[in-house]
Amino acid sequence: MKIDIIKRLALGAFVGCFIVMCVMVFICLQVGSQNVNFSGNDIMGAFFGSIVVGWAFSLSGLIYERDDIAFPLQIIFQMGIGMTVLFIVAIYLHWMPVELGIWPIVSWIVIACIFAAISWCSFYIYYYLVANDLNKKLKN
């Protein structure tokens with residue numbers, strides 16, 4: 001169990017950092033890297049914030065080991081915890097533009113939900129294929 005939690009923490013930190021760095025690169029590509037000025041505080045906040053968010057999503061994924069909870073409820077549980085932590089970190093680190101009014105916040109939330117759904121679907125497909133491969137090996 002301890003090794004599984006350590007693996008989840010490592011994977012969550014990696015995926016969280018990877019996604020945040022991709023977003024930062026995307027911002028640079030959108031507005032031009034000469035127009036972007038990330039401070040050291042921004043980089044450190046992005047690094048530690050992405051690790052915390054990655055941990056929230058990965059550790060809440062332990063819910064999938066419970067067979068007595070329906071699959072849709074497991075998804076809601078994991079996404080609920082992950083997105084709640086993401087929103088708290090986003091407000092704390094000023095990733096979410098709360099000072100610009102409601103529509104930038106709504107668009108930020110929609111984009112975050114799309115990213116989360118794409119990430120969840122990617123992991124689901126990966127683990128589905130791994131399970132499928134293992135089942136084929138067991139049949140042989």
Side-chain angles (χ1 to χ4, degrees):
M1 184 65 172
K2 287 182 182 180
I3 298 297
D4 185 45
I5 290 176
I6 291 170
K7 285 180 184 179
R8 285 180 181 274
L9 289 172
L11 182 64
F14 170 76
V15 172
C17 286
F18 179 76
I19 289 173
V20 167
M21 289 301 120
C22 286
V23 168
M24 292 175 91
V25 167
F26 181 72
I27 290 169
C28 289
L29 292 173
Q30 280 292 331
V31 299
S33 58
Q34 68 278 6
N35 299 325
V36 177
N37 187 16
F38 293 120
S39 71
N41 288 337
D42 292 336
I43 300 295
M44 286 181 14
F47 178 72
F48 290 116
S50 63
I51 289 173
V52 169
V53 172
W55 286 347
F57 276 103
S58 65
L59 289 178
S60 62
L62 288 169
I63 191 72
Y64 296 111
E65 294 181 7
R66 300 275 313 261
D67 293 332
D68 59 329
I69 301 173
F71 188 61
L73 290 177
Q74 292 173 337
I75 296 169
I76 291 169
F77 178 83
Q78 184 194 21
M79 286 297 136
I81 289 176
M83 295 304 273
T84 300
V85 171
L86 173 63
F87 295 147
I88 291 169
V89 169
I91 291 170
Y92 179 76
L93 293 176
H94 306 289
W95 292 349
M96 188 184 305
V98 293
E99 67 278 351
L100 297 179
I102 190 72
W103 291 114
I105 294 171
V106 169
S107 64
W108 193 96
I109 291 171
V110 168
I111 291 169
C113 289
I114 290 170
F115 265 92
I118 290 170
S119 296
W120 187 91
C121 288
S122 299
F123 277 104
Y124 179 80
I125 291 169
Y126 171 75
Y127 285 117
Y128 176 81
L129 293 174
V130 167
N132 223 8
D133 189 43
L134 286 173
N135 285 335
K136 285 180 185 176
K137 288 180 182 178
L138 287 174
K139 284 182 183 177
N140 293 334

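Using a distance-only test at 3.5 Å, with no hydrogens or angles considered, no donor-acceptor pair links the side chain of Gln74 to the main chain of Gly61. Arg8 places a side-chain N or O within donor-acceptor distance of the main-chain N or O of Ser58, the cut-off being under 3.5 Å. Listed for the Asp133 side chain is no donor-acceptor partner under 3.5 Å among the backbone atoms of Leu129. A donor-acceptor contact shorter than 3.5 Å is absent between the side chain of Trp55 and the backbone of Gly12.
Under the 4.5 Å side-chain criterion, counting only non-hydrogen atoms from C-beta, Val20 is in contact with Trp95. By the 4.5 Å heavy-atom criterion applied to side chains, Met83 and Phe57 are counted as neighbours. A 4.5 Å side-chain heavy-atom check between Ser39 and Ile43 finds every atom pair outside the cut-off. Within the 4.5 Å cutoff, side-chain heavy atoms of Leu11 are placed close to those of Phe123. Counting heavy atoms from C-beta on, the side chains of Ile81 and Phe77 come closer than 4.5 Å. At least one side-chain heavy atom of Val106 sits less than 4.5 Å from a side-chain heavy atom of Trp103. At a threshold of 4.5 Å between non-hydrogen side-chain atoms, the residues Asp42 and His94 do not count as touching.
Placement of Ile118 and Met24 in two distinct hydrophobic clusters is found when ILVMFWY residues are connected by side-chain heavy-atom separations under 4.5 Å, directly or transitively. Note: the hydrophobic cluster containing Ile88 does not contain Ile111 (ILVMFWY, side chain heavy atoms under 4.5 Å, direct or indirect links). Under the 4.5 Å side-chain heavy-atom criterion for ILVMFWY residues, a single connected hydrophobic cluster contains both Val31 and Val23.
Rounding to the nearest 0.5 Å places CG of Leu73 at 11.5 Å from CZ of Arg66. Atom-to-atom distance recorded for Ile75:CD1 and Tyr64:OH is 5.0 Å, nearest 0.5 angstrom. Here Phe71 contributes atom CZ and Ile76 contributes atom CD1; the two are 11.0 Å apart, rounded to the nearest 0.5 Å. To the nearest 0.5 Å, atom CD1 of residue Ile114 and atom CD1 of residue Ile109 are 12.5 Å apart. How far CE of Met79 is from CG of Leu86: 10.5 Å, rounded to the nearest 0.5 Å.
Heavy atoms only, all atoms of each residue included: Val85 and Val52 are closest at CG1-CG1, 4.0 Å. Closest non-hydrogen pair, Ser119 versus Ile19, comes out as OG-CD1, 3.5 Å. Among all heavy-atom pairs drawn from Ser50 and Cys17, the shortest one is OG-SG, 3.3 Å. Taking all atoms of both residues into account, the shortest heavy-atom contact from Ile5 to Leu59 is CG2-CD2, 4.2 Å. Nearest heavy-atom pair, Gly49 versus Leu93, reported as atom, atom and distance to 0.1 Å: CA-CD1, 3.8 Å.
Tyr124 pairs with exactly one of Tyr126, Tyr127, Trp120 by the ring pair (Phe, Tyr, Trp, His ring centres under 6.0 Å) rule, that one being Trp120.
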Verdict with supporting geometry, Trp108 and Phe87, side chain to side chain contact (heavy atoms under 4.5 Å, CB included): CA-CA 10 Å; Trp108 193 96; Phe87 295 147; 3.5 Å; yes
Taking it one step at a time, do Asp4 and Leu62 satisfy side chain to side chain contact (heavy atoms under 4.5 Å, CB included)? CA-CA 10 Å; Asp4 185 45; Leu62 288 169; 3.7 Å; yes
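When the shell of 6.0 Å around CG of Asn132 is examined, it contains more than 12 heavy atoms from other residues, nucleotides or ligands. Heavy atoms from other residues, nucleotides or ligands lying under 6.0 Å from CZ of Phe48 number 12 at most.
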